[in-house]
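Values below: all heavy atoms of this structure, side chains included; hydrogens, waters and symmetry mates excluded.
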Amino acid sequence: MAATVSPVLSVLPTRGLVDEKFKVAVENLPPGHPVTLHSLHQSEDKDYWEAYGHYVSDDRGTVTVSADTSVGGTYTGTEPMGLLWSMRPVPGSRTGLRLRKRDICSPMVVFISVYSGHVVEGFREQPALASVVTERWYMAPGVKRIDIRERGVRGTLFLPPGPGPFPGVLDMWGGGGGLVEYRAALLASHGFVTLALEYYSADQVKADIEFNYFETAFNVIQEHPLVIQDRVGVFGLSLGSSVALAMSIYSTLVSPRCCICISGSHVFPFQKSLSEAFQQINLNNKKPRIDEKKRVICRDKILPIPTDPKFKVDVGRIKCPLLLVNGDDDQNWPTVESAEDIAKMMRAAGNEHLLTTLTYHRAGHLIEPPYTPLIRASNFIVQQTQEKVIMLWGGRPKPHGDAQEDSWEKILAFLQQHLYPHPDGVPKAKL
């Protein structure tokens, strides 16, 4: 390439929320020139993740990622956000990694670079034609983060910017335990007071967790002065979904306005304590399968879906709108079979009109906010035994990425429909 030509790489916006699209373009290339666009991120665990696409400049010497086709790399086709959703650990990385943000007060920093030719390895050993540093945030400007340690409840409360009042959301993750804040921070960025609830850490498992712990957490949100008291919903993934369902049905103290369940099941009869519910599930004595790569597959553990009502949450009693989000390649939980049985039970009870089900082909268990890389399998600590395993979650990169983008848009619309009193009152979240 002639030394007088200086390619220009642009990424707009350079700072954005994680669910915002960006536009990547390269100018001042020779016409018909092969280039590689590459993204690189160092996680908080100090592991490097990358993605790349192969492009050929047009007759004007430009590449526009949102319009042009990647002919190779970690993604192919016209994929505006392929440099994010197709990220994977760089060659030689540790096995079983999962990309998750813990410090949501700082951004995910992603380096976008353009290289001459169609490169597949050794990116850090050769000079880039141009590079841009981008920031991806879960927490919009003005969102407040507050540690919660009251009435026995542990978690983090996120308050949207502005005077309020706002709807509220109780956000619960799955059986991996610990405090997971990033989805709650993103929900607050979209105008919902959100409590990221810690409920399955090792010390809590030993002490057991009673049903009223979740009711108290719901009340912590509901009683906050910035929250509209009758506009609080529950949101869960995996085990958190089962808890959200049980709260919506069995609680006599709280009444969620709506319920969202990602990759969950009603085959978890939770009314008193989590340990009691797990004991019921374990009565069938089924053990997880182990595949040829020694990855744990848990989906068969509760199959076939029981016909005995005592093993299931009685979804026929639910009185609030319910959204189920599932992938049909979920290897951790039989979510599609559970959704079919939920619909059957609600139909028999006459409340199926409250149910909305989204099922995504070839998506896995870990359906996260948009542009999060697929984690098909990862290291996992079983909280009840502290055993370390590789858990198979399922999913394929492209369809899973599509599922995350589509479902997040529909999740936000569902929350806005059922929690916001007036649609025109929903804030527009952008950096």
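The two residues Leu83 and Gly53 have their closest heavy-atom pair at CD2-N, 4.4 Å. Smallest separation of non-hydrogen atoms from Val232 and Gln222: CG2-CA, 4.2 Å. Closest of all the heavy-atom pairs between Thr335 and Gly327 is OG1-O, 3.6 Å. Minimum heavy-atom separation, Ala217 to Leu170: CB-CD1, 4.0 Å. The two residues Tyr55 and Val65 make their nearest non-hydrogen contact at OH-CG1, 3.5 Å. The minimum heavy-atom distance linking Met345 with Val313 is given by the pair CE-O, 3.7 Å.
Among Ser241, Cys261, Ser242, Ser265, the one residue that satisfies the side chain to side chain contact (heavy atoms under 4.5 Å, CB included) test with Ser338 is Ser265. Phe123 pairs in a side chain to side chain contact (heavy atoms under 4.5 Å, CB included) with only one of the listed residues (Leu40, Thr36, Val90), which is Thr36. Screening Phe214, Trp173, Phe211 for a ring-ring contact (aromatic ring centres under 6.0 Å, His included) involving Tyr199 leaves a single residue, Phe214.
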Requested in this report: Test side chain to side chain contact (heavy atoms under 4.5 Å, CB included) on Ile305 and His266 and set out the steps.
Outcome: CA-CA 9 Å; Ile305 299 296; His266 62 319; 4.1 Å; yes
Report task. Let me see the working for Ser70 and Tyr75 under side chain to side chain contact (heavy atoms under 4.5 Å, CB included), right down to the final yes or no. Result -> CA-CA 7 Å; Ser70 169; Tyr75 64 96; 3.7 Å; yes
Report task. Check the pair Leu245 / Leu322 against side chain to side chain contact (heavy atoms under 4.5 Å, CB included), numbers first and verdict last. Result -> CA-CA 9 Å; Leu245 265 180; Leu322 170 63; 3.9 Å; yes
Query raised in the report: side chain to side chain contact (heavy atoms under 4.5 Å, CB included) between Leu187 and Leu412: does it pass, once the steps are laid out?
Result: CA-CA 8 Å; Leu187 287 170; Leu412 290 178; 4.1 Å; yes
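Under a 3.5 Å cut-off, the side chain of Thr64 and the backbone N or O of Ala25 do not form any donor-acceptor pair. A distance-only check finds no donor-acceptor pair linking the side chain of Thr359 to the backbone of Asn326 [under 3.5 Å]. Side-chain atoms of Lys312 never come within 3.5 Å of backbone atoms of Asp314 as a donor-acceptor pair (strictly under, hydrogens ignored). No donor-acceptor pair under 3.5 Å is formed between the side chain of Thr74 and the backbone N or O of Ala51. Listed for the Gln404 side chain is a donor-acceptor partner under 3.5 Å among the backbone atoms of Glu368. In this structure a side-chain-to-backbone donor-acceptor pair under 3.5 Å is missing from Asp308 to Phe311. No donor-acceptor distance shorter than 3.5 angstrom exists from the side chain of Glu181 to the backbone of Ile104, with no hydrogens or angles considered. A donor-acceptor pair under 3.5 Å is formed between the side chain of Arg257 and the backbone N or O of Asp230. Between the side chain of Arg299 and the main chain of Asp330, a donor-acceptor pair closer than 3.5 Å is present. Proximity of a side-chain donor or acceptor of Asp291 to a complementary backbone N or O of Ile297 within less than 3.5 Å is not detected.
Salt bridge status for Glu223 with Arg151: present, with a side-chain N to carboxylate O gap under 4.0 Å. At a threshold of 4.0 Å, the pair Arg94-Asp47 counts as salt-bridged, since one of the basic side-chain nitrogens sits closer than that to a carboxylate oxygen. Salt-bridge annotation for Arg362 and Asp402: absent, with no side-chain N of the basic residue lying under 4.0 Å from a carboxylate O of the acidic one. Taking the charged nitrogens against the carboxylate oxygens, Asp45 and Arg98 have no contact shorter than 4.0 Å, which rules out a salt bridge. With salt bridges taken as basic N to acidic carboxylate O contacts below 4.0 Å, none links Asp19 and Lys21.
Pairs passing the ring-ring contact (aromatic ring centres under 6.0 Å, His included) check and including a residue from residues 218-241, sequence neighbours excluded, do not occur.
Side-chain N/O atoms of Tyr371 and Glu405 include a donor and acceptor closer than 3.5 Å. Neither side chain, Thr76 nor Lys398, offers a donor N or O lying under 3.5 Å from an acceptor on the other.
Around CD of Glu409, the count of heavy atoms belonging to other residues, nucleotides or ligands within 6.0 Å does not exceed 12. A 6.0 Å sphere centred on OH of Tyr250 holds more than 12 heavy atoms belonging to other residues, nucleotides or ligands.
A cation-pi arrangement is present between Arg136 and Phe22, with the terminal nitrogen or guanidinium carbon under 6.0 Å from the aromatic centre and inside a 45° cone about the axis.
Within the 4.5 Å cutoff, side-chain heavy atoms of Lys344 are placed close to those of Asp341. Using a 4.5 Å heavy-atom cutoff, the side chains of Leu419 and Cys258 are in contact. In this structure the side chain of Met81 never reaches within 4.5 angstrom of the side chain of Pro370, judged on heavy atoms. Here the side chains of Thr156 and Arg145 are in contact, with some heavy-atom distance below 4.5 Å. Residues Trp85 and Pro397 have side chains in contact (heavy-atom distance under 4.5 Å, counting atoms from C-beta outward). Using a 4.5 Å heavy-atom cutoff, the side chains of Val143 and Pro161 are in contact. Thr194 places none of its side-chain heavy atoms less than 4.5 Å from the side chain of Arg183. When side chains are defined from C-beta on, Leu358 counts as touching Lys410, because their heavy atoms get closer than 4.5 Å.
In this view, His365 and Trp393 satisfy the ring-ring contact (aromatic ring centres under 6.0 Å, His included) rule, not counting sequence neighbours. Residues meeting the side chain to side chain contact (heavy atoms under 4.5 Å, CB included) test with Arg149, sequence neighbours left out: Arg154, Glu198. Residues satisfying the ring-ring contact (aromatic ring centres under 6.0 Å, His included) criterion with Phe158, sequence neighbours excluded, are absent altogether. Here His54 pairs with Tyr52, His118 under the ring-ring contact (aromatic ring centres under 6.0 Å, His included) rule; sequence neighbours left out. With sequence neighbours excluded, no residue forms a ring-ring contact (aromatic ring centres under 6.0 Å, His included) with Tyr360.
Ring orientation note: the planes of Phe192 and Tyr420 are nearly perpendicular, at an angle over 60° on the 30°/60° scale.
The distance from the CD atom of Gln331 to the CG atom of Asp300 is 8.5 Å, given to the nearest 0.5 Å. Of the inter-residue distances, the one linking Leu392 atom CG with Arg289 atom CZ reads 9.0 Å to the nearest 0.5 angstrom. Atom CZ of Phe268 sits about 9.5 Å away from atom OG of Ser238, to the nearest 0.5 Å. One finds the CD atom of Glu135 at 11.5 Å from the CE atom of Met108 (value rounded to the nearest 0.5 Å). For the atom pair CG of Leu323 and SG of Cys259, the computed distance is 9.0 Å after rounding to the nearest 0.5 Å. Annotation: the span from Asn351 atom CG to Cys320 atom SG amounts to 10.0 Å, rounded to 0.5 Å.
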